[in-house]
Number of protein chains: 2
Amino acid sequence: MLRLSKQADYGIVLLSYFLEPDSAPGTGNGMPRSARDLAQLAELPAPMVSKILKHLTRAGILTSQRGSHGGYHLARPATEISLASIVTALEGEIAVTECSPLLTDRTCSHESHCPVRTPLQRLDSIVRRALDGVSLAELVEPTTHRNAS
Amino acid sequence: MLRLSKQADYGIVLLSYFLEPDSAPGTGNGMPRSARDLAQLAELPAPMVSKILKHLTRAGILTSQRGSHGGYHLARPATEISLASIVTALEGEIAVTECSPLLTDRTCSHESHCPVRTPLQRLDSIVRRALDGVSLAELVEPTTHRNAS
DNA sequence: CCGATACTGGACTCGAGCGGTCCTATATTA
DNA sequence: TAATATAGGACCGCTCGAGTCCAGTATCGG
Ligand code: SF4
Ligand code: SF4
């Protein structure tokens, strides 16, 4: 459990295709990738792919180009795209509990007297920091630790 | 998102009541706590509390005593109960993706050609390690870092 | 200027899984 | 033996995620 939603999962899969220099013979390397092409590459349903790319674009992770020969490409180098930003884009603010201050629709009725409310918020930052420390580039190719740290 | 299930959330809440030396005036301190008492303390529905405590017991985190004056108490000191064990007990193996080797009912049809399957398994261990590094005692009372490390 | 392409935004349906309840059986003790 | 309290699991309603679909808009080629 603590499962990632499929949208987030597939989102990472799709983004990984932007890293490969030249995967499909017919397509150029610097060209934007269309939703349809990506769907075919990843063997995922096209509407789903489209939906995910839209969300990633709105979050500023991808940039889009309409019209023929349009498509998507990374908005910044893969070393500067954290997993946290991907997950946040596709399934909302990272919050282990319902009572996170980041959430607007908090419905837990125990906030006032819960003995672990505050402690669990530190857990939030632990998880968030963990996902923040891994970039897309590092995830896919562990040897590509460009910024050593 | 990446939300904890309510069972896990409430489980942590309930366990925290085992740490306080003497919370309710009527009850002794070393006495086992019954499901009914805990439900009243935490202001949670009794059947739910019962279900959670049962799961925690089967996982070896609590021990139970039947009969009158029965109840539950911690199976080991709170410093040796990791959050990971609690979460695992209440919502199953910690796995960020469906394709974790720890899971038996893997249904993802992309395991064979997925470019991020292996990388994401490292993410699994990152999250698991994070939850493993926090004990129940440390969570509730951050000053109680008995083993400094 | 027209039509094809491809993204944009959001509504919509369907099914699995979660939250929550309840009941029967068993162990313990007064 | 009666009262207490856990053990185990079946059961159900409802939410939310997965996935589809469509009307709208921008862009480019001809
Ligand atoms: S207030 Fe307590 S019970 Fe409610 S969501 Fe936060 S941690 Fe969980
Ligand atoms: S195989 Fe790939 S797509 Fe399937 S669950 Fe694992 S990471 Fe996600």
Side-chain angles (χ1 to χ4, degrees), chain A residues 1-11 13-14 27 31-40 42-73 75 87 89-92 97-98 103 105 107-110, chain B residues 1-11 13-14 27 31-40 42-73 75 87 89-92 97-98 103 105 107-110:
Chain A
M1 293 301 153
L2 267 180
R3 189 85 25 92
L4 223 49
S5 77
K6 286 209 176 224
Q7 278 200 41
D9 184 346
Y10 293 164
V13 172
L14 290 173
T27 60
M31 301 294 286
R33 278 156 152 70
S34 74
R36 197 165 47 83
D37 291 349
L38 279 173
Q40 213 159 1
E43 302 184 22
L44 288 173
M48 201 66 206
V49 169
S50 190
K51 181 186 215 169
I52 293 171
L53 296 178
K54 275 185 278 188
H55 283 149
L56 289 173
T57 303
R58 197 152 15 162
I61 294 172
L62 293 175
T63 59
S64 62
Q65 178 68 18
R66 298 198 196 183
S68 46
H69 300 102
Y72 300 89
H73 61 89
V87 173
L90 291 171
E91 55 181 9
T97 60
E98 291 228 3
L103 302 179
D105 59 336
T107 57
C108 181
S109 56
H110 302 89
Chain B
M1 293 300 153
L2 268 179
R3 188 85 25 93
L4 222 50
S5 77
K6 285 208 179 229
Q7 278 200 41
D9 184 347
Y10 292 164
V13 172
L14 291 173
T27 59
M31 301 293 286
R33 277 156 153 70
S34 74
R36 197 164 46 84
D37 292 350
L38 279 173
Q40 213 159 3
E43 302 184 22
L44 288 173
M48 200 67 206
V49 170
S50 190
K51 181 186 215 170
I52 294 171
L53 295 177
K54 274 184 278 188
H55 283 149
L56 289 174
T57 302
R58 192 144 31 155
I61 294 171
L62 292 174
T63 59
S64 63
Q65 177 67 21
R66 298 197 196 183
S68 45
H69 299 103
Y72 300 89
H73 61 88
V87 173
L90 291 172
E91 52 181 12
T97 60
E98 291 227 4
L103 302 179
D105 60 336
T107 57
C108 182
S109 56
H110 303 87

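As the structure is a prediction and not an experimental result, all values here were calculated from the model. Each chain gets a letter, A, B and so on, in the order its sequence line appears, and its residues count up from 1. Computed from heavy atoms alone, side chains included, the values below leave out hydrogens, waters and symmetry copies.
Close to dG8(D), at under 4.0 Å from its OP1 or OP2, lies no side-chain N or O of Arg66(B). Of the side-chain N and O atoms in Arg58(B), one or more sit less than 4.0 angstrom from OP1 or OP2 of dG8(D). For Ser64(A) and dA6(C), the shortest distance from a side-chain N or O to OP1 or OP2 is not below 4.0 Å.
Using a 4.0 Å heavy-atom cutoff across all strands shown, Gln65(A) reaches sugar-phosphate atoms only and no base atom. Heavy atoms of Thr57(B) sit under 4.0 angstrom from primed sugar atoms or phosphate atoms, though from no base atom.
Rounded to an integer number of Å, the gap from CG of Leu53(B) to P of dA5(D) is 14 Å. Here dC7(C) presents its P atom at 11 Å from CG of Leu62(A), a figure rounded to the nearest Å. What separates CZ of Arg3(A) from P of dA16(C) is a distance of 16 Å, to the nearest Å. In this structure, the NZ atom of Lys54(A) is 13 Å from the P atom of dT20(D), given to the nearest Å. For the pair Ile52(B) CD1 and dG8(D) P, the computed distance is 16 Å after rounding to whole Å. Going from atom CG of Leu14(B) over to atom P of dT6(D) covers 12 Å, rounded to whole Å. Look at CZ on Arg33(B): it is 13 Å from P on dT6(D), rounded to the nearest Å. Rounded to a whole Å, the NE2 atom of His73(A) is 12 Å from the P atom of dC7(C).
Taken over five-pair windows at either terminus, the axes of the helix from dC1(C)-dG30(D) to dA30(C)-dT1(D) are inclined to one another by 20° (rounded to 10 degrees).
Residue Asp9(B) holds its CG atom at 9.5 Å from CG of Leu14(B), rounded to the nearest 0.5 Å. Rounded to the nearest 0.5 Å, atoms OG (Ser5(B)) and CZ (Arg3(A)) are 12.0 Å apart. Atom CG of Leu38(B) is separated from atom CD of Glu43(B) by 13.0 Å, given to the nearest 0.5 angstrom.
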The test is side chain to side chain contact (heavy atoms under 4.5 Å, CB included); show your working for Lys6(A) and Glu98(B) and say whether it passes. CA-CA 9 Å; Lys6(A) 286 209 176 224; Glu98(B) 291 227 4; 3.8 Å; yes

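Without hydrogens or angle criteria, Ser50(B) side chain to Ala46(B) main chain gives no donor-acceptor distance under 3.5 Å. Here the side chain of Glu91(A) pairs no donor or acceptor atom with the backbone of Met1(B) at under 3.5 angstrom.
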Using the 3.5 Å cut-off, write out each protein N or O paired with an N or O of nucleotides 17-19 of chain D and the distance between them.
unit_1	atom_1	unit_2	atom_2	d
dA18(D)	OP1	Lys6(A)	N	2.5
dG19(D)	N7	Lys51(A)	NZ	3.1
dG19(D)	O6	Lys51(A)	NZ	2.9

